[in-house]
There are 2 protein chains.
Amino acid sequence: MGIIRKTQSVEVLLAEFKSTTEAVSAIALIKRLDSKLNKTTVYRVLDKLEDDGVLHSFLDKNGIKWYAKCNACTCSKHFDAHPHFQCLSCGKVDCVVIDVHIPNIPNREVVVSQVLIQGKCEDCFV
Amino acid sequence: MGIIRKTQSVEVLLAEFKSTTEAVSAIALIKRLDSKLNKTTVYRVLDKLEDDGVLHSFLDKNGIKWYAKCNACTCSKHFDAHPHFQCLSCGKVDCVVIDVHIPNIPNREVVVSQVLIQGKCEDCFV
DNA sequence: TTTGGTATTGCAACTCAGTTGTAGTAAATT
DNA sequence: AATTTACTACAACTGAGTTGCAATACCAAA
Ligand SMILES: [Zn+2]
Ligand SMILES: [Zn+2]
Ligand SMILES: [Zn+2]
Ligand SMILES: [Zn+2]
């Protein structure tokens, strides 16, 4: 179940995503908002925002959870099964709006796929 | 640094991969070998076998570590940057030897990519 | 605007995969 | 057989994420 009440915590977290399209790790948010919100609250609100189709989440190379804004998602369905790009130099992660084609595999049904690309981002690219 | 001495622990772990091409999670190995090997030993030997190009590892949807046999890898370089397939019904994971093409991204250098495909495996496919 | 129901929050305690330090053990080499 | 040192077991730790619960704050009805 998603967000029901527009609380301070919700506003604070939404504000973190308002000005950027970059992804942010749950851990980074917890540290950054330490004086304002409790760790548990951050996890719970992020979870609800994902339910509502406002944010989407994924795991990075180290199994750490990241969140980014959704584009055209609803509470019933996420439409942003796009790849994510993690910079090996600065660690920044963001959504990449390219289409990676997953070929059919004999005798298997492909339902969903996750692609994590690693390399150098715009800022770190010489 | 990889394996230097051919110990009992190494033999036990190699035996687990000898008869199958399926991937096995570190946790599953730890449980399965609980009477023979210590948890720490399992992690350390797996790590070394990966260094030696005997096994390769990856994280599943839940950030859990899995290992599978390598094909043509050496201690200096892993050549098996292939996708992995996790069955949503039975949980089984294995290597998929298909080539998923990652297109170039403007102003970014793609170094490596990880693809995790989810769906129904051969056994669970109706 | 008060009141009351309940969604939400903070806190502490927990879970659990994976790591680290270390003293003892067992391969390999002589 | 003695020596060297890679390896192992154990216990204790780490750190991201979860859970239970009492206190709080949002919202709507009165
Ligand atoms: Zn960068
Ligand atoms: Zn994204
Ligand atoms: Zn299956
Ligand atoms: Zn593989």
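Since we're looking at a predicted model, the values are computed, not measured. All chains are named by letter (A, B, ...) in the order of the sequence lines, taking the proteins before the strands, and each is independently numbered beginning at 1.
One interatomic measurement links the two molecules: CD1 of Ile27(B) to C1' of dG18(C), which rounds to 9 Å at whole-angstrom precision. The nearest whole Å value for the distance from the CZ atom in Arg5(B) to the P atom in dA26(C) is 12 Å. If you take NZ of Lys65(A) and C1' of dT18(D), they are 11 Å apart, rounded to a whole angstrom. Separating the NZ atom of Lys6(B) from the P atom of dT8(D) is a distance of 13 Å, rounded to the nearest angstrom. Rounded to an integer number of Å, the gap from CG of Asp60(B) to C1' of dG18(C) is 14 Å. As a whole-Å value, the separation of Asp51(A) CG from dA7(C) P is 15 Å. Rounded to whole Å, atom C1' of dT19(C) lies 11 Å from atom CD1 of Ile30(B). Summarising the geometry, the separation between CD1 on Ile3(B) and C1' on dC7(D) is reported as 9 Å, rounded to the nearest angstrom.
The phosphate of dC7(D) (OP1 or OP2) has a side-chain N or O of Lys48(B) nearer than 4.0 angstrom. Put simply, Thr7(B) has no side-chain N or O that comes within less than 4.0 Å of OP1 or OP2 on dA26(C).
Between Asp47(B) and Lys65(B) there is no salt bridge, since no side-chain nitrogen of the basic residue lies less than 4.0 Å from a carboxylate oxygen of the acidic one. The pair Arg108(A)-Asp94(B) meets the salt-bridge criterion, with a side-chain N (NZ, NE, NH1 or NH2) lying under 4.0 Å from an Asp/Glu carboxylate O.
Val24(B) and Val45(B) fall within the same hydrophobic cluster, defined by Ile, Leu, Val, Met, Phe, Trp and Tyr side-chain heavy atoms under 4.5 Å apart, directly or through other members. Following chains of ILVMFWY side-chain contacts shorter than 4.5 Å, one cannot reach Val115(A) starting from Leu59(B), and the two form parts of different hydrophobic clusters.
Of the residues in residues 31-47 of chain A, Lys39(A), Thr40(A), Tyr43(A), Arg44(A) come within less than 4.0 Å of DNA chain D through at least one heavy atom, sorted by number.
Residue Met1(B) is the one, among Met1(B) and Leu59(A), whose nearest nucleotide of DNA chain D lies closer to the 5' end (criterion: closest heavy atom).
As judged by a 4.0 angstrom heavy-atom cut-off over every strand, Ile64(A) is placed among residues touching the sugar-phosphate backbone only.
Side-chain contact between Leu55(B) and Phe17(B): present, with at least one pair of heavy atoms (C-beta onward) separated by less than 4.5 Å. Side-chain atoms of Val42(B) and Ile27(B), non-hydrogen and from C-beta on, never get closer than 4.5 Å to each other.
Partner of His56(B) under the side chain to side chain donor-acceptor pair (under 3.5 Å) criterion, out of His84(B), Glu50(B), Lys69(B): His84(B) alone.
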